[in-house]
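Have a look at the structure below, then the notes.
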Amino acid sequence: MHSSISLKHIVLGGMLLLLAACGGETDQPKVDQPDVPTHTLVFLDKTQSVNVNKDYVNEKYRQALAQIVEENMQNKGDKLEVYFIHENTSKARALSLTVRAERENLENTNATDREAIETTFNMALQREKGIYLRQALSKLNQQNGGGSNQWTDIWASLPIIAKASEGGSEVKVYYFSDMIESVRGTDRRDFHTTPPASEAQAEEWAKADVKQLEQHAIGSPQVTVVSPFEPTASTRENNPHVTHYWQTLFQELGGVSIEEQ
């Protein structure tokens with residue numbers, strides 16, 4: 001008798017707990033979490049060593065910019081900033097664009113209304129993307145005939161990345177560059193005159209330079225290098241040790257891997 005009562009209590013208690021759990025779920029309103037905005041930084045090399053007038057380079061860079069605009073500018077608040085890499089990179093912001101197109105609230109709408117809202121939003125977004133791409137391409141083709149094209153300060157991109165990372169956005173960084181750091185000074189690198197001679201030296205230099213650069217909290221951005229080198233380029237032109245230097249530097253700074261295109 002006692003075991004029968006105990007069994008009934010157990011079954012009844014379990015049912016009550018199940019009902020309470022189900023009730024707790026239905027009572028909680030579902031809240032759509034807004035997408036984290038994307039902050040895209042494009043660094044265009046405007047020094048003598050990168051010639052965007054060459055057919056191969058121009059076509060490759062145009063396609064890459066088109067893909068960046070298409071994939072990264074998707075929602076209201078997504079931002080694209082373009083900087084020129086030269087002697088004064090940190091002061092060389094050439095373009096700053098933010099998506100303004102906004103999708104209407106889809107809550108409590110039927111399928112027909114949702115489709116109309118999506119169509120209106122996509123049309124507005126595509127118009128903005130077309131404008132953004134034209135502006136970015138104009139910056140790509142802009143010539144730098146001044147004295148600043150003699151030097152390449154890629155280090156100066158790091159505080160820009162760090163500032164972008166402060167905003168809570170997903171940061172995506174693209175270097176349209178040969179990545180030949182070239183700055184005068186005893187505590188700087190000039191890969192035009194003295195490139196790393198081996199993988200070991202590239203790694204040694206990068207780890208030494210991190211001590212100067214670790215003050216810049218770059219976070220964990222997605223970093224891509226879009227190089228100007230043709231597939232047939234020699235190792236003297238496309239020095240793999242320079243590539244290893246930057247891979248090591250970003251790995252030491254924030255555990256960041258570099259994708260190469």
Side-chain angles (χ1 to χ4, degrees), residues 35-103 118-149 152-154 156-179 218 221-228 259-261:
D35 291 330
V36 174
T38 300
H39 191 155
T40 302
L41 295 170
V42 171
F43 294 96
L44 298 176
D45 199 326
K46 291 295 179 180
T47 57
Q48 286 185 331
S49 60
V50 177
N51 183 5
V52 296
N53 292 325
K54 290 178 65 175
D55 290 343
Y56 173 82
V57 178
N58 197 271
E59 183 61 25
K60 180 178 182 179
Y61 279 10
R62 287 172 66 88
Q63 288 182 6
L65 279 174
Q67 185 176 353
I68 288 167
V69 170
E70 181 59 35
E71 294 180 357
N72 294 0
M73 306 297 274
Q74 292 287 346
N75 297 290
K76 184 178 180 182
D78 288 346
K79 179 179 284 189
L80 168 65
E81 292 187 309
V82 176
Y83 283 81
F84 290 160
I85 293 177
H86 51 50
E87 185 180 15
N88 194 16
T89 301
S90 62
K91 303 295 183 183
R93 189 172 73 178
L95 201 60
S96 181
L97 304 164
T98 305
V99 173
R100 295 183 179 181
E102 186 172 12
R103 184 186 284 105
E118 286 292 342
T119 300
T120 301
F121 169 73
N122 287 328
M123 287 178 64
L125 182 62
Q126 286 306 125
R127 280 196 299 271
E128 285 192 40
K129 284 182 178 180
I131 295 168
Y132 299 158
L133 181 57
R134 285 196 297 273
Q135 290 180 304
L137 289 174
S138 73
K139 297 304 178 184
L140 171 66
N141 293 315
Q142 186 174 321
Q143 299 299 309
N144 177 21
S148 63
N149 69 9
T152 310
D153 190 357
I154 301 172
S157 65
L158 297 175
I160 298 171
I161 298 171
K163 186 175 181 180
S165 298
E166 292 173 359
S169 299
E170 179 185 7
V171 179
K172 296 185 178 182
V173 181
Y174 300 85
Y175 291 99
F176 286 64
S177 174
D178 58 10
M179 302 303 285
I218 65 170
Q222 175 185 305
V223 178
T224 303
V225 173
V226 188
S227 81
E259 179 188 342
E260 292 182 78
Q261 292 183 0

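The closest side-chain heavy-atom distance from Glu70 to Leu133 is not below 4.5 Å. Inter-residue side-chain proximity for Ile154 and Thr89 is flagged as unmet; no heavy-atom pair is nearer than 4.5 Å. Annotation: side chain of Tyr174 is in contact with side chain of Gln222 (closest heavy-atom distance under 4.5 Å). Residues Asn75 and Arg103 form a side-chain contact, since some pair of their non-hydrogen atoms from C-beta on lies under 4.5 Å apart. When side chains are defined from C-beta on, Val42 counts as touching Leu80, because their heavy atoms get closer than 4.5 Å. Side-chain atoms of Lys91 and His86, non-hydrogen and from C-beta on, never get closer than 4.5 Å to each other. Under the 4.5 Å side-chain criterion, counting only non-hydrogen atoms from C-beta, Tyr132 is in contact with Val99. Inter-residue side-chain proximity for Ser227 and Lys60 is flagged as met; some heavy-atom pair is nearer than 4.5 Å.
With salt bridges taken as basic N to acidic carboxylate O contacts below 4.0 Å, none links Glu128 and Arg100.
The CG atom of Asp78 lies 8.5 Å from the CG atom of Leu125; values are rounded to the nearest 0.5 Å. In this structure, CG in Leu95 is found 8.5 Å from CZ in Phe84, a value given to the nearest 0.5 Å. With rounding to the nearest 0.5 Å, the separation of CG in Asn72 from NE2 in His39 is 11.0 Å. The CD atom of Gln143 lies 6.5 Å from the NZ atom of Lys46; values are rounded to the nearest 0.5 Å. Rounded to the nearest 0.5 angstrom, Phe43 CZ and Arg93 CZ are separated by 11.5 Å. Interatomic distance, Lys172 NZ to Leu41 CG, rounded to the nearest 0.5 Å: 12.0 Å.
Here the shortest heavy-atom pairing between Pro228 and Ser177 reads CD-O, 3.5 Å. Scanning both residues, Ala101 and Ala124, for their nearest heavy atoms gives CB-CB, 4.0 Å. The heavy-atom pair separating Val173 from Pro221 by the smallest distance is CG2-CB, 4.0 Å. The two residues Gly168 and Val36 make their nearest non-hydrogen contact at O-CG1, 3.3 Å.
Other residues, nucleotides and ligands contribute over 12 non-hydrogen atoms within 6.0 Å of the CG atom of Asn53.
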* Determine, stepwise, if the pair Ile85 / Thr152 fulfils side chain to side chain contact (heavy atoms under 4.5 Å, CB included). => CA-CA 6 Å; Ile85 293 177; Thr152 310; 3.5 Å; yes
* Could you give me the CA-CA distance, side-chain angles and deciding distance for Asn58 and Asn141, then say whether side chain to side chain contact (heavy atoms under 4.5 Å, CB included) is met? => CA-CA 8 Å; Asn58 197 271; Asn141 293 315; 3.0 Å; yes
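A donor-acceptor contact closer than 3.5 angstrom links the side chains of Gln63 and Glu59.
The aromatic rings of Tyr61 and Phe176 sit perpendicular to each other, their planes meeting at more than 60°, with 30° as the lower class boundary.
Taking Arg62 as the reference, nothing meets the salt bridge (Lys or Arg N to Asp or Glu O under 4.0 Å) condition, with sequence neighbours excluded.
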